[in-house]
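What follows is one structure encoded as structure tokens, with my remarks underneath.
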Protein chains: 2
Amino acid sequence: MSERVVPAADRRRRRPTKAGVVLSEELIVETALRLIEEHGADALSVRRLGRALGADPSSLYRYFRHTDDLLLAVADELIGRTLRTWCPTGDWRADLRDLGLRMHAGALAQPRAAVLSSYRVTGRVHEIQAVEAILGVVRGAGFPDPEAVRIYHAFVDQCLAFGALDSASIAMPKTARAADADVWRATYARLPAATHPHIAATARHLVADMPRSSYPAALDLLLSAAAARLAEIRAGEEG
Amino acid sequence: MSERVVPAADRRRRRPTKAGVVLSEELIVETALRLIEEHGADALSVRRLGRALGADPSSLYRYFRHTDDLLLAVADELIGRTLRTWCPTGDWRADLRDLGLRMHAGALAQPRAAVLSSYRVTGRVHEIQAVEAILGVVRGAGFPDPEAVRIYHAFVDQCLAFGALDSASIAMPKTARAADADVWRATYARLPAATHPHIAATARHLVADMPRSSYPAALDLLLSAAAARLAEIRAGEEG
DNA sequence: TTAACAGGTCAACGATGTTGTCATAAGGTG
DNA sequence: CACCTTATGACAACATCGTTGACCTGTTAA
């Protein structure tokens, strides 16, 4: 085993499946994405994917070494799609905010791929494009290189981390989600001020705020910290 | 089924396992934590946990409805342990920073529990303690209630999200991790400036920065944004 | 035309979470 | 002390999962 996978470029023989399908890395990734869109993230398994393609599950191992590799390819395709819908305006802060929200939404649709791509480096085309684009925005804003990289890193990781998190929440059966939201009403909002003064004082806001994603707020905090830092840097240069 | 689980308080009959162990929610959670500490997060499965306890796996379903419930209990225990090592000083920013780093480190040790507890509400004792404590710090700093909740929410979620992420990275076999780190050297650092100017310009910093966690940086950005906001609020009150 | 071999298929392995059923010992009651 | 109820542990089974080794066949290059 271990070297069953042939690099995409070297593939010659296009032998059709029993069901008549001609496999390819592209087709597999597309089908995987379709599967997830239609039936949720948990619907993606090697076996189901094989079934959806009309091929034996083990065939996929001729294209991907293991599931992780497949998920990384899916993630990269997703990055590409997100990037294509993004039109930077030249205002760094607005551009980053927009991209962050888009990538977060994209990750929402792809929890497992999002988790993977957040701590793995694919080195694939779309990932590289994204790195180049974001670094361009940050450097264009005026951050010196070491700080630009730090901000790039925090920005990307924050986006992917929240994406993975929020998508897990969305994937819950909605009865369970409702039950969770209710804990804030039924448990937290009922705590007596005597023992839990801070929770009691803010109960109303907790009930309203906690069931929603905090990503937009976290993103804005990150961006405004970056903006403040940029102002410092500019002041330092002038003075 | 569905109602095989008896609330901890109502338990009477302490019938020992074949192996002579007397089960309890407490013992199960402790054993789960030990299992993870000793053999990594992936070592935690119902079956392995049963084996470690000297009990049939299915017995655990008398104590937890499903694996998620067990993980939530583990997460809550972990929150408790973390909280106990934290001694707030009164300086809100330093205290939050310290707690953030501690909780992140705790989550690192418990990836699966961390993910779960980040998007679920347990309503268990330690979680409540943590909410009360953090809200106390934020409100004590002078944030008005709605904003205090927003900052609390972003702070906690970011901490757990990065914790889950970074722990996934740590859990990788170290050969794979080295390979990933090498992508920055072998792929990114080799991209020509002609096609990828920003990556080329910052390659040195990318290689150094990307394999590390960006959580401390992200945390500092969040805290400094919060500090700036607080300054604004104070100025507004005075003016 | 043929021979090599890429690539599809089959069957199997061991692992997972979960549940329906059964057996038994604990503990309240008389 | 004995009895009955029932809480709780054990067993066996199910469906699912990723993965691999061996096999077989159609494509393609010579």
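The chains referred to below are lettered A, B, ... by the order of the sequence lines, with proteins before strands, and numbering in each begins at 1.
Note that the CG atom of B:Leu222 and the CG atom of A:Leu219 stand 11.0 Å from one another [nearest 0.5 Å]. Separating the CG atom in A:Leu160 from the CZ atom in B:Phe162 is a distance of 9.0 Å, to the nearest 0.5 Å.
As a whole-Å value, the separation of A:Phe64 CZ from C:dG7 P is 13 Å. As a whole-Å value, the separation of A:Asp42 CG from C:dG17 C1' is 13 Å. Nucleotide C:dG8 holds its P atom 13 Å from the CG atom of A:Leu49, rounded to whole Å. D:dT20 atom P lies 9 Å from atom NE2 of A:His66, rounded to whole Å. Atoms CG (B:Leu53) and P (D:dA10) sit 10 Å apart, rounded to a whole Å. Regarding A:Arg47, its CZ atom lies at a distance of 9 Å from the C1' atom of D:dT19, rounded to whole Å.
Under a cut-off of 6.0 angstrom, the local environment of CZ in A:Arg34 is crowded, with over 12 non-hydrogen atoms contributed by other residues, nucleotides or ligands.
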Could I get a table of every N or O pair under 3.5 Å where one atom is in the protein and the other is in nucleotides 9-11 of chain C?
| residue | atom | partner | partner atom | Å |
| --- | --- | --- | --- | --- |
| C:dT9 | OP1 | A:Lys18 | N | 2.7 |
| C:dT9 | OP2 | A:Asp56 | N | 3.1 |
| C:dT9 | OP2 | A:Ser59 | OG | 3.4 |
| C:dC10 | OP1 | A:Lys18 | NZ | 2.4 |
| C:dC10 | N4 | A:Ser58 | OG | 2.8 |

Look for any protein N or O under 3.5 Å of an N or O in nucleotides 5-7 of chain D and output each such pair with its distance, or none.
| residue | atom | partner | partner atom | Å |
| --- | --- | --- | --- | --- |
| D:dT6 | O2 | B:Arg13 | NH1 | 2.5 |

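Salt bridge B:Arg81/B:Glu30: absent, no basic N to carboxylate O contact under 4.0 Å. The pair B:Lys18-B:Asp56 does not count as a salt bridge, with every side-chain nitrogen at least 4.0 angstrom from each carboxylate oxygen. Electrostatic pairing of B:Asp182 and B:Arg185 counts as a salt bridge here, judged by a charged N lying under 4.0 Å from a carboxylate O.
Counting non-hydrogen atoms under 4.0 angstrom, A:Tyr63 reaches the backbone sugars and phosphates but no base.
Remark: the A:Tyr188 side chain and the B:Glu132 side chain contain no N/O donor-acceptor pair separated by less than 3.5 Å.
Screening residues 149-172 of chain B for side chain to side chain donor-acceptor pair (under 3.5 Å), with sequence neighbours left out, gives A:Gln158-B:Gln158, A:Asp209-B:His153, A:Ser214-B:Asp157, B:His104-B:Asp166, B:His153-B:Asp157, B:Asp166-B:Ser213.
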